[in-house]
Amino acid sequence: MFAEQGISAGAAWIARAKAHNFFSWSAQDAINPIAMVRGEGCYFWDADGKRYFDLNSQSMCMNIGHGERRVIDAIKAQAEELAYAGPGMVTRVRVELGEALATVTPPGLEHFFYGTGGADANENAVKMARAVTGRHKILARYRSYHGATYGAMSLTGDQRRWASEPGMAGVVRYYDPYKYRSLLYREGDSDGEFTARCLAQIEETLMFEGPHTVAAILMETVTGTNGVIVPPDGYLQGVRALCDRYGILLICDEVMTGFGRTGAWFGVDHWGVVPDMITMAKGLTSAYLPLSTVAVNARVFDHFRTHVFYGGLTYSAHPICLAAALATLRVIQEDDLVGNAAAMGRVLADLLDELKAEHPAIGDVRSIGLLGCIELVKNRESKEPLAPYTGGGEVMPKLAAYLREHGVYTYVWRNLLHTNPPLCVTEEQLRAVMAIVNDALMIADSAIA
Ligand SMILES: Cc1ncc(COP(=O)(O)O)c(C=O)c1O
């Protein structure tokens with residue numbers, strides 16, 4: 001019917017999908033999806049045969065890339081062996097995944113509680129922290145995203161939280177180590193000086209709140225969608241020390257930064273800091289199936305040796321999801337994707353610096369490994385963002401449209417353009433896609449000229 005009307009296969013799919021689907025994060029009349037049919041490595045194709053470079057690894061999650069046979073085969077094999085087991089069962093894959101994860105997580109984080117996504121991992125971590133400490137407050141940052149369920153939304157600091165308020169009680173905010181815009185940063189500060197001010201602000205917050213009421217400090221080790229905020233050296237160590245001083249648990253949300261994304265297994269590895277809990281999802285299975293986990297240390301686990309943990313899901317430790325995780329882990333190891341992310345991360349950092357030198361609309365570029373972003377401004381001196389904090393404006397949508405037209409898919413929101421390719425990217429591919437980004441940025445330059 002659609003072909004007769006001269007409508008492409010992709011447009012026909014989209015029309016039919018819109019008739020019966022309710023899409024996330026959108027006003028339904030405003031959505032403009034891609035009809036995606038297959039993927040391979042860093043690329044995916046739409047229903048009309050157009051190829052896209054996936055510069056956001058879908059939702060910063062397909063770390064190993066698209067169409068990986070070793071994971072697909074493991075999923076099929078597990079479905080044949082045992083498709084489902086209740087969360088209280090022991091399965092072969094559960095035994096093997098726990099052992100495998102414990103070899104890559106920071107020392108002491110050796111017990112894993114499984115869920116289905118990053119949001120529930122963060123909520124479970126909070127439940128655990130409250131139970132272990134007997135305290136209720138959680139310190140979380142403004143420029144953060146921790147998930148879309150009610151509790152995770154309350155932990156989230158950015159504007160996505162507003163629509164879910166009032167949410168979970170007990171969340172207190174502290175400021176981000178965001179050198180580019182932080183009011184705590186003074187021109188010419190060394191990392192040490194800036195870090196000291198950030199830590200003093202956290203300690204002051206603890207004093208006002210009463211440290212004996214604070215269960216945990218939560219952070220994205222490196223902030224993701226709020227602009228790739230890499231903490232200065234010493235920051236994580238300082239927060240760890242504050243937590244130790246006041247008996248507070250440190251929860252690092254590595255849903256996005258885990259499994260090689262930053263050029264290390266986990267973001268915390270860059271600073272040698274071991275939190276009490278790490279929450280993981282996305283890269284854990286490279287999103288081939290939904291799975292999250294909370295990795296906990298002995299302080300947390302020992303509490304629950306004798307106390308009931310009131311939490312769990314029908315799909316906790318789902319064998320097929322665990323099989324996807326185990327196979328993903330092996331792919332990361334066999335192909336040394338952590339090493340490749342570190343090496344390609346250095347190329348990406350140089351390319352981002354080159355773009356900044358070229359384009360007056362770029363205020364700042366930030367990256368660590370293959371987690372990168374470009375922050376656009378109307379004016380480099382005033383740092384006025386190119387788009388409002390709540391998103392929109394005219395220029396960023398044009399930039400996104402140009403990229404899409406030229407076969408590049410990525411995450412563009414507010415005044416941020418993200419550059420997060422799969423970890424299997426080659427230097428040639430990276431240079432080619434960033435050349436298209438370079439062309440797209442002319443749009444921003446001419447808008448501020
Ligand atoms: C840092 C971080 N934490 C948590 C989440 C929530 O994960 P999920 O969407 O799987 O619930 C996300 C998702 O983007 C994230 O980036």
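Ligands are counted one by one from 1 in listed order, and the atoms in each one are counted from 1 as well.
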With sequence neighbours excluded, what pairs up with Phe23 under the ring pair (Phe, Tyr, Trp, His ring centres under 6.0 Å) test?
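For Phe23 there are no ring pair (Phe, Tyr, Trp, His ring centres under 6.0 Å) partners, ignoring immediate neighbours.
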Can you sort out the partners of His66 under ring pair (Phe, Tyr, Trp, His ring centres under 6.0 Å), two or more places apart, ordered by chain and number?
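So His66 forms a ring pair (Phe, Tyr, Trp, His ring centres under 6.0 Å) with Phe44.
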Greater than 12 external heavy atoms within 6.0 Å of Glu81's CD
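Enclosed.
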Atom of Phe304, atom of Ala131 and distance for their closest heavy-atom approach:
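Reported closest heavy-atom pair: CZ-CB, 3.7 Å.
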Regarding Arg94 and Glu96, does a basic nitrogen lie under 4.0 Å from an acidic carboxylate oxygen?
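Salt bridge flag = no for Glu96 with Arg94.
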Could you pull out the N/O contacts under 3.5 angstrom between ligand 1 and the surrounding protein atoms?
residue  : atom   : partner : partner atom : Å
ligand 1 : 3 (N)  : Tyr145  : O            : 3.4
ligand 1 : 3 (N)  : Asp253  : OD1          : 3.3
ligand 1 : 3 (N)  : Asp253  : OD2          : 2.7
ligand 1 : 7 (O)  : Gly118  : N            : 3.4
ligand 1 : 10 (O) : Gly118  : N            : 2.8
ligand 1 : 11 (O) : Gly118  : N            : 3.2
ligand 1 : 11 (O) : Ala119  : N            : 2.8
ligand 1 : 14 (O) : Lys282  : NZ           : 2.9

Who pairs with Asn56 by side chain to side chain donor-acceptor pair (under 3.5 Å), at least two apart in sequence or on another chain?
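Partners of Asn56 under the side chain to side chain donor-acceptor pair (under 3.5 Å) test: Asn420.
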